[in-house]
Undergrad: 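The following block contains the structure, expressed as structure tokens.
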Amino acid sequence: MKTGLFISFEGGEGAGKSTQIRLLAARLTKAGRKVVVTREPGGSPGAEAVRHVLLSGAAEPFGVGMEVILFAAARNDHVEEIIRPALAEGKIVLCDRFMDSSRVYQGAAGGLDPAFVATVERVAVDGTIPDLTLIFDLDALEGLERVAARSPEKALAGTPDRFEKDDIAVHEARRKAFLKIAEAEPVRCRIIAADGAPETVAEAVWQAVSPLLGEKVHG
Ligand code: TYD
């Protein structure tokens, strides 16, 4: 049976995940690998429909429990429709955020009981766990400054999305929570220092990914 490679990219706002996913996808494609780039919340038509509800803040009044279940509903659809079929075809899946974002944003830093988040996670991923999770670590303030610089019109209009708008203490709590996951699961997770130049960060990403290529990817 062919088995692909599943890599998730995690971290706070403005940590540079998207740039690094783009660079890694290009490098892998050049090396002849079949790559699928995807993101959460979203990535499949069903999950993209739920994305809008979450990021617009429409679900916020109903509480963080409602939000985590919506993230999970989106995640389950994404896993079934996109991720698992791609892995079965031996492809490398690069996913911008996955289950650790729920553990951090809704769990550790969002106040939900971790046991509840874990139960929902099990249903959502149904056994499809990343082979490697890259946790992009950056000072929270620097991340928010990068977000503002990348979309000045948003900053000026004062309309950050549902999760960007939280205050700095919450962003810092998220950073700590991601680092704690990395510490608890050192085989699956690698911390990537995200404060360097894009080429430097890309090299760190490659160091983490390349050892897995020979081992896991066939076809
Ligand atoms: P997005 O615009 O995709 O931003 P980013 O570039 O930061 O990934 O927004 C996704 C937002 O949703 C982000 O603020 C993190 C949040 N999120 C959760 O709170 N829980 C989750 O399970 C996921 C996947 C994302």
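Ligands are counted one by one from 1 in listed order, and the atoms in each one are counted from 1 as well. If you're wondering where the values come from, they're calculated on a predicted model, not measured in any experiment.
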Undergrad: Using a 4.0 Å cut-off to any heavy atom of Arg51, which atoms of ligand 1 qualify?
TA: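 That gives atoms 1 (P), 2 (O), 3 (O) of ligand 1.
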Undergrad: Which atoms of ligand 1 have any heavy atom of Asp161 under 4.0 Å away?
TA: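 Within the 4.0 Å cut-off of Asp161, ligand 1 contributes 2 (O), 9 (O).
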Undergrad: Does at least one non-hydrogen atom of Arg75 fall below 4.0 angstrom from an atom of ligand 1?
TA: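 Contact present.
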Undergrad: I'd like to know if Arg188 and Glu185 make a salt bridge, using a cut-off of under 4.0 Å between side-chain N and carboxylate O.
TA: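 Yes, this pair counts.
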Undergrad: Compute the shortest N/O to N/O distance between Gln106 and ligand 1 and return yes if it is under 3.5 Å, no if not.
TA: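 There is such a contact, yes.
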Undergrad: Does Glu67 reach ligand 1, in the sense of a heavy atom lying below 4.0 Å from it?
TA: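 Under 4.0 Å: no for Glu67.
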Undergrad: Which salt bridge (charged side-chain N to carboxylate O under 4.0 Å, His left out) pairs, counting each pair once, include a residue from residues 106-123, with sequence neighbours left out?
TA: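 Residue pairs with at least one partner in residues 106-123: Arg103-Glu121.
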Undergrad: When clusters are formed from ILVMFWY side-chain contacts under 4.5 Å, directly or step by step, what else is grouped with Val120?
TA: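 The other cluster members (ILVMFWY side chains, heavy atoms under 4.5 Å, direct or chained) are Val64, Val68, Ile69, Leu112, Phe116, Val117.
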Undergrad: Hey, are Glu203 and Arg27 close enough for a salt bridge, meaning a charged N less than 4.0 Å from a carboxylate O?
TA: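 Between Arg27 and Glu203 there is a salt bridge, with a charged N closer than 4.0 Å to a carboxylate O.
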Undergrad: Between Glu81 and Ser44, what is the shortest heavy-atom contact and its length?
TA: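 Scanning both residues, the minimum pair turns out to be CB-CB, 4.1 Å.
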Undergrad: Give a yes/no on ligand 1: does Lys17 have at least one heavy atom closer than 4.0 angstrom to it?
TA: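 Yes.
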Undergrad: With respect to Glu164, determine whether any N or O atom, backbone or side chain, lies less than 3.5 Å from an N or O atom of ligand 1.
TA: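 N/O-N/O distance below 3.5 Å does not exist for this pair.
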Undergrad: Does ligand 1 have an atom that lies less than 4.0 angstrom from a heavy atom of Arg39?
TA: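 Arg39 does not count as a contact of ligand 1 under the 4.0 Å cut-off.
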Undergrad: I'd like to know if Glu142 and Arg146 make a salt bridge, using a cut-off of under 4.0 Å between side-chain N and carboxylate O.
TA: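 Salt bridge: yes.
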